[in-house]
Amino acid sequence: AAGVIQSPRHLIKEKRETATLKCYPIPRHDTVYWYQQGPGQDPQFLISFYEKMQSDKGSIPDRFSAQQFSDYHSELNMSSLELGDSALYFCASSPGLAGLETQYFGPGTRLLVL
Amino acid sequence: AQKVTQAQTEISVVEKEDVTLDCVYETRDTTYYLFWYKQPPSGELVFLIRRNSFDEQNEISGRYSWNFQKSTSSFNFTITASQVVDSAVYFCALSAPSGSARQLTFGSGTQLTVLP
């Protein structure tokens, strides 16, 4: 079965640089979520989209922005990167906006900021 | 507010032992879902099970079983006859309509190590 695809899988950036993470949801899933997992921590919700509209916002820094495109893929844009942004970034997708659907996670993008 | 507590930070067992991972949750909602996810050393988050608040029937799936008790707000996960490949961090998570309905609230995770 098709899973959530994330690219790139690994990314190394310098401080103050910009990074773009991409997420391709499972086919026919119209809701996308982004989570950030710091070392040794649990995943923290950043933002979600349903039908190309932002549906919920969590602890996402103002330096980050995201959008969902017409083909339902999503991109997380991160600017003015800081050392503390080094983390594993997960994208998840689910069918519908009920809020009680199972979220299926991608393999994650491991971002290292030097 | 929603909260998930996994009091066990690390558990170490020897292969073939049974192990139970504890999860306690808090929510004001009467309708909610509980999840268990597994994160092996490779890093991906693997969905294991979902339970809704109206379904207290416990389930067994192969070596895995789950015990949902609404009266104590607990959703425990047991692995029977553990194997080395079960070594991973296990997260309990909650999704409920109040507040940000579309996010999962995770517990802090339990690192399970199964020794050969």
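What you see is a predicted model, and the numbers here were worked out from it, not measured in a lab. Just the heavy atoms: all of them, side chains too, but no hydrogens, waters or symmetry mates, feed the values below. Chain naming here is simple, since letters A, B, ... match the order of the sequence lines and numbering starts at 1 in each.
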Trainee: Is A:Gln37 in contact with chain B via its backbone, its side chain, both, or neither, using a 4.5 Å heavy-atom distance?
Mentor: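 Side chain of A:Gln37 only, per the 4.5 Å heavy-atom cut-off to chain B.
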Trainee: Taking NZ in A:Lys22 as the centre, count heavy atoms belonging to other residues, nucleotides or ligands within less than 6.0 Å. Is the count above 12?
Mentor: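 It does not: A:Lys22 NZ has 12 such atoms or fewer within range.
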Trainee: Measure from NZ or CZ of A:Lys52 to the centre of the six-membered ring of A:Phe69, then state whether that distance is under 6.0 Å and the direction lies within 45° of the axis.
Mentor: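 Cation-pi check for A:Lys52 and A:Phe69: fails.
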Trainee: Would you indicate whether the side-chain heavy atoms of A:His29 and A:Pro95 approach each other to under 4.5 Å?
Mentor: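 Yes; the side chains approach each other to less than 4.5 Å.
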Trainee: Report the option among A:Gly108, A:Ala92, A:Gly106, A:Pro43 that has the most heavy-atom pairs separated by less than 4.5 Å from atoms of chain B.
Mentor: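 With the most close heavy-atom pairs to chain B, the winner is A:Pro43.
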Trainee: Where does B:Gln39 contact chain A at under 4.5 Å (heavy atoms): side chain, backbone, both or neither?
Mentor: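 Contact with chain A is through the side chain of B:Gln39 alone.
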Trainee: Which atoms of B:Phe47 come close to chain A, meaning under 4.5 Å heavy atom to heavy atom: side chain ones, backbone ones, both, or neither?
Mentor: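 Just its side chain gets close to chain A.
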Trainee: What residue among B:Asn76, B:Asn67, B:Thr78 forms side chain to side chain donor-acceptor pair (under 3.5 Å) with B:Thr20?
Mentor: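 Of the listed residues B:Asn76, B:Asn67, B:Thr78, the side chain to side chain donor-acceptor pair (under 3.5 Å) partner of B:Thr20 is B:Thr78.
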